[in-house]
Amino acid sequence: MALKTKTSTRIGVTILGWGIALWLFFPIFWMFLTSFKSEVQAISTPPKLFFMPTLSSYAEVFERASYWHFTFNTVIVSVGATAIAIALAVPAAYSMAFMPSKRTRGTLLWMLSTRMLPPVGVLVPIYLLARNTHLLDTCTGLAIVDMLTNLPIIVWMLYTFFREVPAPILEAGRMDGATRWQEMTMVLLPLALPGIASTALLSLILCWNEAFWSLNLTSSHAAPLTAFIASFSSPEGLFFGKLSAASTLAVAPILVFGWISQKQLVRGLTFGAVK
Amino acid sequence: MATVELKNLRKTYLTEEIIKGISLSIEDREFVVFVGPSGCGKSTLLRMIAGLEDITSGDLLIDGQRMNDVEPGKRGLAMVFQSYALYPHMDVYKNMEFGLKLAGMPEAERREKIEHVAHTLQLEPYLHHKPGQLSGGQRQRVAIGRAIVRNPKVFLFDEPLSNLDAALRGQMRVELSALHRKLGATTIYVTHDQVEAMTMADKIVVLQKGVVEQIGSPLELYHHPRNLFVARFIGSPPMNFFPAIFQGGDAAGSSVQLRDGSTLYVPVTSPGILPGTKVTVGIRPEHVELAPSGPNSGTVEVIERLGAITLVHVRMSDGEIIVVQTDGAVLTDVDTHVSLTLPPQNCHLFAPDGLAFEACRRHPLAA
C-alpha cells in the first residue's frame, strides 16, 4: 500500500516537473519554430504548429546585418568580462573565506546590495564616465561595466565554494612551505575548480544576455548580439519571423555551450565532496 | 637536535584570553603530550607553535631562536592534522613531494626520500593512489609520511588518531611510538585520550582553560597528581573521592575522619592545615578493596565485567557512587551489600583549594 502511494506520488511529481519544464521551455521552442515561418505564418491566428518551414527570415537577417560582427563583440565582451571578474574575485573570495575579519559579512552584504539597485539608477553617471574616458561604444567599456555588475555575484559564489574546502588542507600547504599565492594557486584552485568553472559559466551567460548596458553604451562599433536582436524589433513595426530568426541566432551559441557544459555546471552546484 | 621553549605564551581572541601565559621547555628528542578536556586550549597552543595562530604575547623559541614572526613553513616543523588534510587532488607520491618541491629539492633526491619513507610506512603499493581511494589508516600513514619526508626538527600531531576505530587506534599508537624511537625527533602531540598520553609520552602537559595544571612523566601524574583536576583527569576509570575532616598530622602522615566515623592515617604531610578543615580523600578504583563487612558500606548498583577485570559501582550510604576495580573472577552480584577497604598508602589528600598534600615518600617509578 505504502509502495503504491509512493509510486503515484512519484508519477505526479514527474508530470508536474515535466509540465513546469515544458512551460519554461515553450517560449524558446516557439521562437525557434517562428524563425522558420514566413512573416504571414508568424502572425496567423490561430497560431500554426505545422507548416512548411522556410529559411527566408534567416536569409533576410543575414542580408540586413553583420551577424558575425555582433557575435564577435559578444564573445569578446563576455569572455573578457568573465576572465577579469574571476581574476579579481578569486583572491577576494579567498581572503574572505579563509581570513575573515569582523567586517567580512558586512562587506559581502554590501557587495550584494549593489545588485539590488536598478541599473537605470546609475545610467547617467556611468554613461558620462564612459563618455569622458572615451569608452563609449567600445568592447573594453562594455566589458568593464558587465564585469563590475557581475563581480558581487561572482565573489559570493566563489566565497561559498571556497568555504567548502576544509581549512586544514590549506594549512597543510602553509606548513609545507607554500606562500599565500602558492597556497591559493596550487592547493585551493585545483580543489575548487568545478565551482570556479560553474561560476565562470554563469558569468558568461549573464554577460551574453546582458541588454541594458549594451543598448545604452554601444551603437555600432561594439554592439553585441543583444543589440542585434533589438535592431530587428522596432523601426518598421514588428516582424516576428525575422525577430525570431535573429533571436535564435543570438541565443544559439550560449545555449549549445551551456548544454555541453551542463555536467560541469551540475558538478559545480553540488560541489563539496572534497574531503 | 631541536629544543622548543615557550615563555609566558598568551593568546587573546577579541577580548577573551584563550592561552593564559604558558611556559614550558621541551628537550631534544622528547615526546611531549598536551592533554586536557575539550576547549582547554591544547590545539590552539599547538597551532601557535606551528605558526597557524598568531602569538598575542610571550616568546616561542625553537633551538634558541625566536620564531614568533617566522612563517609556518620556515620554522622547521611538520604537522599531522586530525582530519589528515591530505591534498585530495594529488596522489600519495605528490602529497609527499609537495613540500620538498616547494623547498626546491632536486627531483632525484625527492624521489629517493619519498621511496625511503614509503618503504618505512609500507605505502609503496599506494604511491599512485589518490587519498580518496585509501582507508582511514592508510590516509593517516600518508599524513605521517608527508611530515617525515621533510625531515623536520619538530613533529606536531593534532589528535591524529581520533578519526580511527579503536583497533586501528591501538595499532597506530604502537607504530607511532616505534617511529619516534627510530627517528628520535622532538615531538609535540595533542590528544584528549589519556591512554595515548600515558603510553606515548615522555612528558605530559595537562591543560585546563588555557592554564597548565601539571607537567610531568605519565607515572608522576598518575601517582602524584598536583591537584584534584589532574587526579580526576588522569586514570581510567577516574579516581574516587570521599569528603573527610582533617584531624591532625605529623612528619609520617596525616589523620582524617571519613563521614561514617572511621579514620584513615594517610602518609602525606600537611603543613599549615588546621584540625577540623574539610579535605577530600582520593583513591583510584584499582586500589579500593571489597570486603563483606566493615566500615564504608554500600550496595552494588552496577557490575561491568570486562573479562580480565571487573568494575563494581557501589552506591554508598551518603548516595555517592564509588567505582571499584577488581579481578575478573569476583563473584559479587548486583544489590549485594559490601564494604570498602581504603589502603591508606594508596590514598591522596586534597586541601579545600584542590591542591594535593605532598606524599611523604615518592613512588619509585615517579621519582
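By convention in this document, chain letters (A, B, ...) are assigned in the order of the sequence lines, proteins followed by strands, and residues within each chain are numbered from 1.
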Margin query: A quick test of your reading: do over 12 heavy atoms of other residues, nucleotides or ligands sit less than 6.0 Å from CD of B/E17?
Written below: yes
Next item on the list: Look at the side chain of B/H89 and the backbone N and O of A/M186, then say whether any donor-acceptor pair between them is shorter than 3.5 Å.
Entry: yes
Check: How about A/I169 and B/F81: do any of their side-chain heavy atoms sit closer than 4.5 Å?
Finding: no
Checklist line | Residue A/Y94 excluded, over 12 heavy atoms near OH under 6.0 Å | finding: yes
Item checked: CZ (A/F212) with more than 12 external heavy atoms under 6.0 Å -> yes
Next item on the list: Pick one of side chain, backbone, both or neither for B/L102, based on which atoms fall under 4.5 Å of a heavy atom in chain A.
Entry: side chain
Note to self: Heavy-atom cut-off 4.5 Å, strictly under: side chain, backbone, both or neither for B/L100 against chain A?
What the structure shows: neither
Check: Residues of residues 171-178 of chain A under 4.5 Å from chain B (heavy atom pairs)?
Finding: A/E171, A/A172, A/G173, A/R174, A/M175, A/D176, A/G177, A/A178
Next item on the list: Step through the shown structure and confirm whether more than 12 heavy atoms of other residues, nucleotides or ligands are within 6.0 Å of NZ on B/K203.
Entry: yes
Next item on the list: Select, from B/K74, B/R150, B/K101, B/M90, the one with the greatest count of heavy-atom pairs under 4.5 Å involving chain A.
Entry: B/R150
Note to self: So for atom CD, which belongs to B/E71, do other residues, nucleotides or ligands contribute more than 12 heavy atoms lying within a distance under 6.0 Å?
What the structure shows: no
Checklist line | Whether over 12 other heavy atoms sit under 6.0 Å from A/R105 CZ | finding: no
Next item on the list: Decide if atom CZ of B/R110 counts as having more than 12 heavy atoms of other residues, nucleotides or ligands within a radius under 6.0 Å.
Entry: yes
Check: Side chain, backbone, both or neither: which part of B/A50 has a non-hydrogen atom closer than 4.5 Å to chain A?
Finding: both
Margin query: Looking at chain A, which one of B/A143, B/A78, B/A85 has the largest number of heavy-atom pairs inside 4.5 Å, strictly under?
Written below: B/A85
Check: What part of B/R75 gets closer than 4.5 Å to chain A, counting heavy atoms only: side chain, backbone, both or neither?
Finding: neither
